[in-house]
There are 2 protein chains.
Amino acid sequence: MARQAAVKKAGDLRHTAEERRTEVLQAAVAEFALHGLHGTSTEMIAKRIGISQPYIFRLFPSKKALFLAAIDQCFDRVETAFRNAARESANPSEPNRHATASPVEARLHEMGHAYLRLMAKRELLLFQMQAYAACSDEDVRRKVKLRWERLMKVTGEISGASGDALTGFFARGMLMNVLASIRLVPEKSADKWGHEMLGYG
Amino acid sequence: MARQAAVKKAGDLRHTAEERRTEVLQAAVAEFALHGLHGTSTEMIAKRIGISQPYIFRLFPSKKALFLAAIDQCFDRVETAFRNAARESANPSEPNRHATASPVEARLHEMGHAYLRLMAKRELLLFQMQAYAACSDEDVRRKVKLRWERLMKVTGEISGASGDALTGFFARGMLMNVLASIRLVPEKSADKWGHEMLGYG
DNA sequence: GGACTTAGTGAGTAATCAGTCATAAGGAGG
DNA sequence: CCTCCTTATGACTGATTACTCACTAAGTCC
């Protein structure tokens with residue numbers, strides 16, 4: 001707060017390292033999503049938020065470390081969205097949509113919608129594909145594998161689903177990822193299509 | 001034939017441009033699968049088959065053109081495998097495995113197995129992921145989209161499946177791709193797991 | 001054996017890259 | 001005012017890149 005009391009020359013401010021780190025991370029997700037680990041230069045990331053390229057290396061030890069942090073952020077966002085969706089489906093703020101569905105189905109339904117909303121921005125969607133593609137790198141693979149295991153466990157726990165229902169849920173999600181990556185589905189009808197795809201039309 | 005009559009000093013032979021092109025294409029699939037479009041240098045590809053790096057550019061106009069050719073080859077192999085599988089399931093050389101299944105189910109079953117066999121080599125599997133990841137490039141995206149549309153059409157035609165059955169078939173395939181990419185599944189039980197995953201256990 | 005075509009390479013180029021380092025400059029506390 | 005810490009950059013480096021070009025040599029036809 002003391003810092004905020006100082007006069008603000010717009011855009012001239014210095015930020016804390018922590019603020020910058022999150023900025024860089026966000027920019028990194030955006031750039032990595034478009035061009036992948038090897039196709040993205042640290043300069044691209046720096047330019048996106050208007051800092052110098054060397055400063056990236058003060059905030060992250062290497063480009064790969066930044067990529068790994070981006071993976072964590074990506075999975076965190078999915079996990080959070082799933083938790084919120086499951087919580088929302090607990091107190092039915094949306095009445096009479098699927099009165100006949102079981103609680104488990106209702107939660108999966110809500111989580112499917114949450115996933116669609118998250119991926120509609122395309123940034124997370126494309127970054128996810130880049131993360132899978134970069135899995136020939138052992139560090140990347142380890143991290144992605146770890147987060148997948150955790151996501152499946154968490155998803156099973158909070159939805160109550162298991163076995164075929166859970167597998168089917170993730171399977172439809174992955175197909176959606178691919179088809180959305182290549183824009184096989186007309187943009188305009190993506191919403192409707194997504195809901196049908198996920199089996200909750 | 002006239003060419004073959006000449007004395008062969010092992011390894012000293014010159015090949016036709018066409019032979020080299022297929023060699024290069026094969027090497028390209030292997031390298032691109034591991035390191036992606038941007039992570040693979042033309043030198044890596046050249047070294048793999050023991051030719052000079054500049055010669056690549058006599059056989060293909062650019063690195064991207066080579067990548068696009070690799071995409072075609074990848075989808076061709078899947079398509080061929082599917083066609084063969086459907087043909088095989090027509091004359092039941094394997095009796096009494098699923099006597100109760102409908103012809104459509106039997107064909108999908110056989111095609112699922114064929115896909116597992118193809119992907120077991122991991123080369124096509126990983127290259128596929130690289131192709132999806134490279135879809136921010138418009139030329140790549142166009143080609144992948146085209147081949148996907150064609151693959152879905154062909155698959156529907158030769159299997160007789162449609163709607164949910166077809167969607168489910170591809171969805172399970174994509175989930176398998178991802179989980180196999182990150183080796184989430186223990187290598188030893190991959191076969192059994194794959195069959196269960198595809199719903200034909 | 002000589003002329004012509006085709007396979008194949010060595011040497012280079014201009015550009016780009018991740019990462020380093022010395023140093024500037026903003027702000028807080030005295 | 002001065003001191004000290006942190007934010008931030010400019011200038012650089014050695015390595016790597018896709019791609020070009022002039023050239024060699026192998027094989028073919030007459």
Side-chain angles (χ1 to χ4, degrees), chain A residues 1-25 27-28 31-32 34-70 134 137 139-140, chain B residues 1-25 27-28 31-32 34-70 134 137 139-140:
Chain A
M1 283 304 171
R3 144 175 293 115
Q4 300 295 351
V7 184
K8 276 190 183 181
K9 292 185 196 169
D12 253 24
L13 260 304
R14 276 167 38 142
H15 300 116
T16 68
E18 216 41 60
E19 282 171 337
R20 283 300 199 196
R21 230 182 295 270
T22 49
E23 261 186 289
V24 168
L25 190 54
E31 289 295 328
F32 281 139
L34 287 177
H35 310 106
L37 172 53
H38 296 291
T40 304
S41 67
T42 51
E43 180 142 28
M44 288 171 170
I45 298 170
K47 272 203 175 132
R48 181 174 270 260
I49 51 176
I51 64 168
S52 69
Q53 174 262 342
Y55 192 41
I56 300 244
F57 292 92
R58 280 280 272 245
L59 303 170
F60 293 88
S62 68
K63 191 168 86 156
K64 201 166 93 176
L66 182 50
F67 192 78
L68 291 172
D137 181 291
D139 294 326
V140 172
Chain B
M1 283 304 170
R3 141 175 298 116
Q4 299 295 353
V7 182
K8 277 191 184 183
K9 292 184 195 170
D12 252 27
L13 261 303
R14 276 168 38 144
H15 301 116
T16 68
E18 216 42 59
E19 281 171 338
R20 282 299 199 197
R21 229 184 296 272
T22 49
E23 259 187 291
V24 168
L25 189 54
E31 288 296 327
F32 281 139
L34 287 177
H35 310 106
L37 172 54
H38 297 290
T40 304
S41 68
T42 51
E43 181 142 27
M44 289 170 170
I45 299 170
K47 273 204 175 128
R48 181 175 271 260
I49 50 175
I51 63 169
S52 70
Q53 176 262 346
Y55 192 41
I56 300 244
F57 291 92
R58 283 277 276 245
L59 302 170
F60 292 88
S62 69
K63 191 169 86 156
K64 202 167 92 176
L66 182 49
F67 192 78
L68 291 172
D137 180 293
D139 295 326
V140 171

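Computed from a prediction, not measured in an experiment: that's the story for all the values here. What you see below is based on every heavy atom in this structure, not just the backbone, and it leaves out hydrogens, waters and symmetry mates. Chain letters run A, B, ... following the sequence lines, proteins first and then strands; every chain starts at 1.
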- Output the single nucleotide from D/dT7, C/dA18, D/dT20 whose closest atom is nearest the side chain of A/Tyr55. D/dT7

- Does B/Lys47 NZ have over 12 foreign heavy atoms under 6.0 Å away? no

- Query: According to a strict under-4.0 Å criterion, is A/Ser41 in side-chain N/O contact with OP1 or OP2 of C/dC17?
  - Reply: yes

- Task: Report the nucleotide, chosen from D/dC19, C/dC17, C/dG8, that has the shortest atom-to-atom distance to any side-chain atom of B/His15.
- Result: C/dG8

- Message: Would you say B/Arg20 places a side-chain N or O within less than 4.0 Å of OP1 or OP2 belonging to C/dG8?
- Response: yes

- Task: Send over the distance from B/Phe57 CZ to C/dT9 C1', rounded to a whole Å.
- Result: 14 Å

- In whole angstrom, what separates B/Glu18's CD from C/dA7's C1'? 13 Å

- Query: Is there side-chain contact between A/Thr40 and A/Leu34, with at least one heavy-atom pair below 4.5 Å?
  - Reply: no

- Mind listing the closest non-hydrogen atom pair of B/Arg21 and B/Arg58 along with its distance? NH1-O, 4.4 Å

- Picking from D/dC19, C/dT20, C/dA7, which would you name as closest to the side chain of B/Arg58? C/dA7

- State which residue, out of A/Leu25, A/Ile49, A/Ile51, fulfils the side-chain contact (heavy atoms from CB on, under 4.5 Å) condition with A/Arg20. A/Ile51

- Message: Please pick, from D/dA18, D/dA8, C/dA7, the nucleotide with the shortest atom-to-atom distance to any side-chain atom of B/Arg14.
- Response: C/dA7

- Message: Reading DNA chain D from 5' onward, which residue's closest nucleotide shows up sooner: A/Leu59 or A/Gln53?
- Response: A/Leu59

- A/Ile56 near the nucleic acid: base, sugar-phosphate alone, or nothing, with a heavy-atom cut-off under 4.0 Å? nothing

- Note on the structure: Test side-chain contact (heavy atoms from CB on, under 4.5 Å), reference B/Leu66, set B/Leu37, B/Leu59, B/Ile56, output is B/Ile56

- Is A/Thr42 near enough to C/dA18 that one of its side-chain N or O atoms lies under 4.0 angstrom from OP1 or OP2? yes

- Query: Atom NZ of B/Lys47 to atom C1' of C/dT9: distance rounded to whole Å?
  - Reply: 15 Å

- Starting at atom NE2 of B/His35, determine the distance to atom P of D/dA18, rounded to an integer number of angstrom. 13 Å

- Message: Can you measure B/Glu43 atom CD to C/dG10 atom P for me and round it to whole angstrom units?
- Response: 11 Å

- A/Glu19 atom CD is separated from D/dT6 atom C1', nearest whole Å, by 13 Å

- Query: A/Met44 CE to C/dC17 P: how many Å, rounded?
  - Reply: 6 Å

- Of the nucleotides C/dA7, D/dA8, D/dT20, which has the atom closest to the B/Ala17 side chain? C/dA7

